[in-house]
Amino acid sequence: MRDRTHAADAEPGMEATIAGWVHEIRDLGGIAFLILRDRTGRIQVKFEKDDLDDELVERGLSVHRESVLQVTGKVFEEDRAPTGVEIVPDSLEIVAEADPELPLDPSGKVGADLSTRLDNRTLDLRRAETRAIFEIRSAVLEAARDTFRELGGTEITTPKIVATGTEGGTELFPITYFGREAFMNQSPQLFKQLLAASGLERVFEIGPIFRAEEHNTPRHLNEATSIDFESAFIDAEEAMDVAETFLRSVYQAVESNCQDELETLGLAADFTVPEADFPRITYEEAIQRANATGVVDEQLTWGDDLPTEAEKALGEAIDQHYFITNWPAEVKPFYIKDEDDDPEVSTGFDLNHPRMELVSGGQREHRYDQLVEGFEAQGLDPAAFDYYTKMFKYGMPPHAGWGMGAERLLVTMLDLDNIREAVLFPRDRKRLSP
RNA sequence: GCCGACGUGUUGUAAUUCGGCGAUCAUACGGUCCUGUCACGGCCGUGAUCCGGGUUCAAAUCCCGGCGUCGGCGCCA
């Protein structure tokens, strides 16, 4: 459609062809208004019945909501119109009729359950609020790439079909690969390490990860988007610096570029870029503080994972993004390096929003002998990971990095109730389509 | 994997505690009136208790099974 004018670009005096969806029809008797919606906004089409061809009026007002229409006519300035202009049709074509009964209401007058919305995502995305979320998601991913490039990173894409998992086989989706057993990758972890040791040195990847955990919560997905960063010649502290810079940069971009969307979501007034210097508390402090809150039934001791309720209590107490550093070595995977002066303590860290965990990272074990020991300690066969371990024999620099859940970033940034809100077509324990 | 809650027209809901009126309201849909609506409005109308079994004079409501949805925990991004 070369001669199409978008709703927002219609100027008084011009002859325009507008194509879009019927948002609403208000028939007042002698005059009727049809609101046509496209991606740029809405424009009112005026039918003054005495002045127009009967057949055109009949056709224009007989369509159901969400039908696709193409209207050609003159654009007039009109103070009484919602956008200050309206179009008087000379001709009108019904491009695609919509059924009278819709599975949800795109005008937003009546609510719909999340499952109804996800079953009908196309219609759901005609709602301004849903669209705003995904416009912001797009801006977040753009800002993520820009930020990594500014930091000197090279964008990579690594295989999603793999022969072995990162940390064992239990959480992986098995598939058949030309008759061989294979899996959907749960993380680009091992690949990004191999690339940090390559000539690329500093890499990032934004891509899907697959987890076969049978959870059913507002913060888990079985297919999620992971924002991964890995760099040679940095340590855990520097990796945390990057995570913080990254997060603030993405928030900054949304604040600068997405005011309309934030307004639509009712967030414009409260949206702020998190302040720098996120608190960094050690795991030991974290369990002490969690114990002090009294929410945990049994006092946490060294080596316990932080239960969800403790994580929430901590988040409430700290009330901003914070790092938990120096996790016990025993709860972190083999590729996380231990502190040089204490093998019980690792360099692993998490970055949490008050509501949930966003990032997991750490300095990596780059020494071949210690790495192989780690495999064995975790009950894994190093031989199965030969493609990975052998590269540690050919000049593996110290390196560190992290992975951030893109959907969790959006959920916490936009205060969404459910992580499924942040994915167009979410995959969870029950949902496999659309 | 363990545990819990919920399932009513197109959509969102009320009634479910303590079984009992023609199953509420909004929205959509159909009809009708209306020349400045902007969640347009007025009047009239169509339309539903997830499926199967049981208890009872009587089941949306209680019991059992199934299916579906949502959530809590574990685990994690």
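No experiment lies behind these values; they were computed from the predicted model shown. Protein chains get the first letters and strands the later ones, always in sequence-line order, with residue 1 at the start of each.
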*Asks:* CG of A:L221 versus C1' of B:G71: gap in Å, rounded?
*Replies:* 15 Å

*Asks:* Contact between A:Q193 and A:Y388 at the side-chain level, heavy atoms closer than 4.5 Å - yes or no?
*Replies:* yes

*Asks:* Can you give one letter per nucleotide of nucleotides 30-38 of chain B, 5' to 3': B if a protein heavy atom sits under 4.0 Å from the base, S if only from the sugar-phosphate, - if neither?
*Replies:* S---BBBBB

*Asks:* Answer whether the closest heavy-atom distance between the side chains of A:R408 and A:R355 falls below 4.5 Å.
*Replies:* no

*Asks:* Pull out every residue in residues 8-20 of chain A that has a heavy atom closer than 4.0 Å to any atom of RNA chain B, ordered by number, or say none.
*Replies:* none

*Asks:* For B:C62 versus B:U27, give the span between their P atoms, rounded off to a whole number of Å.
*Replies:* 30 Å

*Asks:* Taking any heavy-atom pair under 4.0 Å as a contact, classify A:S360: base, sugar-phosphate, or nothing.
*Replies:* sugar-phosphate

*Asks:* Could you work out the separation of B:A58 and B:C21 based on their P atoms and round it to a whole Å?
*Replies:* 15 Å

*Asks:* Which residue lies toward the 5' end of RNA chain B, A:I209 or A:T217, if each is placed at its nearest nucleotide?
*Replies:* A:T217

*Asks:* Give a yes or no on whether a donor-acceptor pair under 3.5 Å exists between the nucleobase atoms of B:A28, that is its base, and the side chain of A:R65.
*Replies:* no

*Asks:* Name the nucleic acid region contacted by A:T225, choosing base, sugar-phosphate or nothing; use a 4.0 angstrom heavy-atom cut-off, strictly under.
*Replies:* nothing

*Asks:* To the nearest Å, how far apart are A:H215 NE2 and B:G74 P?
*Replies:* 13 Å

*Asks:* Do A:R429 and B:C70 share a donor-acceptor pair, side chain to base, under 3.5 Å?
*Replies:* no

*Asks:* Atom CD1 of A:I227 and atom C1' of B:C76: how far apart are they, to the nearest Å?
*Replies:* 16 Å

